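Data first, discussion second: the structure below is written as structure tokens.
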Amino acid sequence: MLKGKTAVITGASTGIGKEIALKMAENGANVAIIYIGDEGLAIDVKKQAEGFGVKAEVYECNVANFDISKSVCERIASDFGTVDILVNNAGIIRDGLLLRMSEADFDAVIDVNLKGVFNMTKHMSRSIMRSGSGRIINIASVSGIMGNVGQANYSASKAGVIGLTKTTAKEFAGKKVTCNAIAPGFIVSDMTANLPQAVVDHANNTIPLKRMGTATEVANAAVFLASDMSSYITGEVIKVDGGMCM
Ligand code: NAP
């Protein structure tokens with residue numbers, strides 16, 4: 001479905017980003033795997049992707065840093081040529097009630113989750129515009145649509161991502177680049193691994209499909225948005241949430 005395309009995925013050494021990178025590779029895309037923490041994990045994803053017969057490279061990059069992300073995007077464009085797909089997946093949480101939230105925790109989440117999307121989109125844009133059918137996919141969250149207690153920073157960052165998605169869709173449409181967001185609900189990953197059991201039980205009871213989602217279920221939506229099957233969809237937010245937010 002993505003044969004011959006090149007996809008850049010941030011936060012691709014773990015969780016949802018890893019699954020997106022591997023699903024894209026399984027569907028024929030070459031993948032640039034962006035990580036920040038553990039190079040070994042990123043190399044493991046590279047090897048798994050290469051198992052599908054595609055080109056895969058790893059790049060260390062703090063997406064929150066404007067200059068570092070610029071130089072990494074330049075390296076990727078030089079290594080792969082035209083980039084067709086950018087998945088802005090990297091994200092962090094620093095949860096706490098607004099009244100107790102520190103300025104540092106607010107700024108850190110905005111810097112990675114929102115400014116990181118701006119940095120990567122801006123620096124990758126020339127290459128994506130050359131694609132002729134470019135795709136930008138931003139991983140938002142249902143928290144950015146409905147808010148969430150304890151997530152003032154996170155929900156604001158993800159609401160910002162949704163606004164940025166719609167503006168990017170309008171500004172890049174003339175270059176045949178679409179930009180859409182995926183808003184996952186409650187997905188099994190490192191990010192949700194340490195939640196109190198009571199929170200997990202509550203979610204499992206209240207989500208209409210009565211379970212948490214998997215990273216693969218989010219990755220399936222990303223592959224659809226990256227493919228020609230989504231050619232007339234732009235500025236959209238697709239929820240992958242088991243019916244949690246409706
Ligand atoms: P995760 O495993 O913690 O993935 C987050 C990834 O982002 C990690 O690979 C992390 O790298 C990377 N990252 C963090 N800061 C970065 C930075 N400054 N520069 C580059 N990469 C950075 O959690 P996940 O659940 O897969 O999250 C993926 C995305 O889905 C996030 O945007 C998250 O907000 C969103 N989401 C998740 C859920 C959920 O329930 N899990 C729900 C809604 C939305 P390191 O691990 O090396 O730090």
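Position 1 is the first residue of the sequence, and the numbers go up from there. A quick note: this is a predicted structure, and the numbers were derived from the prediction, not measured. Every number for a ligand or one of its atoms is a count from 1 in the order of the listing.
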Between A90 and ligand 1, which residue portion shows a heavy-atom distance shorter than 4.0 Å: side chain, backbone, both, or neither?
both
Would you indicate whether M229, at its atom CE, is surrounded by more than 12 heavy atoms from other residues, nucleotides or ligands within a distance under 6.0 Å?
no
Can T165 and N138 be counted as having a side-chain donor-acceptor contact under 3.5 angstrom?
yes
Under a 4.0 Å heavy-atom limit, does A140 contact ligand 1 with its side chain, its backbone, both, or neither?
backbone
Residue, atom and distance of the protein heavy atom nearest atom 40 (O) of ligand 1 read I187 N, 2.8 Å
Ion pair E50/K47, N-O distance below 4.0 Å:
no
Identify, for atom 36 (N) of ligand 1, the protein heavy atom at the shortest distance, and state residue, atom and that distance.
Y154 OH, 3.4 Å
Nearest option to atom 26 (O) of ligand 1, as decided by whichever heavy atom of I16, V63, N138 sits closest:
I16
Less than 4.5 Å apart, any side-chain heavy atom of V8 and any of I34?
yes
Would you say K158 contacts ligand 1, with heavy atoms under 4.0 Å as the rule?
yes
Residue portion contacting ligand 1 (non-hydrogen atoms closer than 4.0 Å) for I92:
side chain
To the nearest 0.5 Å, what is the distance between CD1 (I128) and OG (S133)?
11.0 Å
One residue to check: A215. Relative to ligand 1, which of side chain, backbone, both or neither has a non-hydrogen atom less than 4.0 Å away?
neither
Taking only non-hydrogen atoms of S143, do any sit less than 4.0 angstrom from ligand 1?
no
Non-hydrogen atoms of G116 versus ligand 1: any pair closer than 4.0 Å?
no
Where on Y35 is there a heavy atom closer than 4.0 Å to ligand 1, on the side chain, on the backbone, on both, or on neither?
neither
Please find the pair of heavy atoms, one from V161 and one from L114, that lie closest to each other, and give the distance.
N-CD1, 3.6 Å
By side chain to side chain donor-acceptor pair (under 3.5 Å), N148 pairs with (sequence neighbours left out) Q151
Might you confirm whether atom NZ of K176 has over 12 heavy atoms from other residues, nucleotides or ligands at distances under 6.0 Å?
no
Which word best sums up how the rings of F66 and H123 line up, parallel for under 30°, tilted for 30 to 60°, or perpendicular for over 60°?
perpendicular
Please classify the T192 to ligand 1 contact at 4.0 Å (heavy-atom distances, strictly less than): side chain, backbone, both or neither.
side chain
Nearest non-hydrogen atom to atom 8 (C) of ligand 1 belongs to which of T14, N89, V72?
T14
With respect to atom 48 (O) of ligand 1, which of I36, I182, N88 exhibits the smallest heavy-atom separation?
I36
Among V31, V223, N220, I139, side-chain contact (heavy atoms from CB on, under 4.5 Å) partner for I20
I139
If you take the nearest heavy atom of each of S69, G185, S141, which one is closest to atom 38 (C) of ligand 1?
G185
